[in-house]
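As the structure is a prediction and not an experimental result, all values here were calculated from the model. Numbers restart at 1 for each chain; the letters A, B, ... are given by sequence-line order, proteins then strands.
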There are 2 protein chains.
Amino acid sequence: MALRRTRKKTADKSTYHHGDLRQALLDASLALITEEGFGALSLREVARRAGVTHAAPYRHFADKEALLAAVAEEGFRAMTSRMKEEMAREPSPIDRLGACGVAYVLFAVENAAHFRVMFGPHFTQPLTPTVLGEDADAYGLLVGVLAEAQRAGEVREGDTADLALACWSLVHGLASLLVDGQLDPEAVAGGVAALARTQTLLLVGGLARPPVD
Amino acid sequence: MALRRTRKKTADKSTYHHGDLRQALLDASLALITEEGFGALSLREVARRAGVTHAAPYRHFADKEALLAAVAEEGFRAMTSRMKEEMAREPSPIDRLGACGVAYVLFAVENAAHFRVMFGPHFTQPLTPTVLGEDADAYGLLVGVLAEAQRAGEVREGDTADLALACWSLVHGLASLLVDGQLDPEAVAGGVAALARTQTLLLVGGLARPPVD
DNA sequence: CCTACCGATCGGTAGG
DNA sequence: CCTACCGATCGGTAGG
């Protein structure tokens, strides 16, 4: 899988059959959700797909929720990384804001299973950026670039938190509608990337500071 | 429950224990999702809560998906109805647009179980407005008021479908974040209604046609 | 990381 | 709408 990290090879294969069972379990979870839907996710089936018996996962995860939390954390890191990449290409703050939003939507569509786990109502204790660390703080990234765009005079003044929530809501809503298949196929005909750009620009355009003539 | 329809009383209680088992099953499904989460929903537990044996629901629903489809349909009707109510209070098209968005978010938060079923990835065949009828066409309502606002010169020109999707994405995203508990409690401290108004107005403000001086 | 085992739940059907 | 029954899966643990 694209998101797999480098494997940590272990010498003693006789007692540790996988190079990295933990990672194999995360990958198997995503494949299972992608192929059979979230409802089909069980620790036993995940173990089966990873090629181990159903007791093995408990060596790495206390329970199902712990496994899901690990999947979500991996997802937040990957999404944040993706956003940073796309933003790095843009010279102006407002363009970085747009790139940030497009990256959010594209990550969701290309990693639907991750996205579902990240934002589903699965966790007893919320997965705050504080818990996950700054490598996974996608929201912080958004707030940062938005504030920067305001300081540069490219985005209208106003409560940054309010504006950030509007941005987040728009891209999260579009991503959710796409991931959950709620959009008329006709609307998506031109491609998800184009759609994400159009929508993001609509909001960013609405937020842009009217040029002072 | 607020959404229960009038019960159809049956004379022959000996063979038909409930006045309306079908509706009782829908209500029980929502209560179960609300209290135990979506993962806890099973036909057997729903039957238990409705006070019948686990074979009884099959008299009304072919399977779990059919029950969920009925819940979703009820939800779409209720949401559409709620939107119409709120819109009827506003005299101008652009205010009706705002009221429409606020109603969407409030419905979602006040009927989280319904909302989850309506937009979850549960259905083999999509629940299109065409299938559900115009009483349940919330999206059609949005497109209608948006087009009206454009004709009245209160909203900028542009592809109505694009603008409608931006509106839908924003309110759907905000609703999803709220329903899934992703928002910082601090952000919601002022109340969901106020938050929904702020956010909706931000977008509507962005879409508004700049006054021609 | 495996084998063996526990109690519990589930979807669905036969037959009345 | 009920009783009785089917095969199957699940989460979790003991013990090695």
Any strand: nucleotide that pairs with D:dA4 via Watson-Crick or wobble, under 3.5 Å: C:dT13
- prompt: Which of these nucleotides, D:dC10, C:dC1, C:dG11, is closest to any side-chain atom of B:Y58?
  reply: C:dG11
query: A:I94 versus A:V155: any side-chain heavy-atom pair under 4.5 Å?
result: yes
- line: Between B:A56 and A:A40, whichever has its closest DNA chain D nucleotide further toward 5' is B:A56
query: Side chains of B:Q199 and A:S169: donor-acceptor distance under 3.5 Å anywhere?
result: no
field: Base C:dG11 paired with B:H54 side chain (donor-acceptor, <3.5 Å)
entry: no
Toward the 5' end of DNA chain D, by each residue's nearest nucleotide, A:A55 or A:E45: A:E45
- prompt: Charged N to carboxylate O below 4.0 Å: is that the case for A:R49 and A:D27?
  reply: no
- prompt: Just to confirm, is there a sub-4.0 Å distance from OP1 or OP2 of D:dC10 to any side-chain nitrogen or oxygen of A:S42?
  reply: yes
- prompt: How close or far is atom P of D:dT13 from atom NZ of A:K64, stated in whole angstroms?
  reply: 15 Å
query: Hey, is the side chain of A:R48 poking within less than 4.0 Å of OP1 or OP2 on D:dC10, counting only N and O atoms?
result: yes
query: If only side-chain N and O atoms of B:R22 are considered, is one of them under 4.0 Å from the OP1 or OP2 phosphate oxygen of D:dC1?
result: no
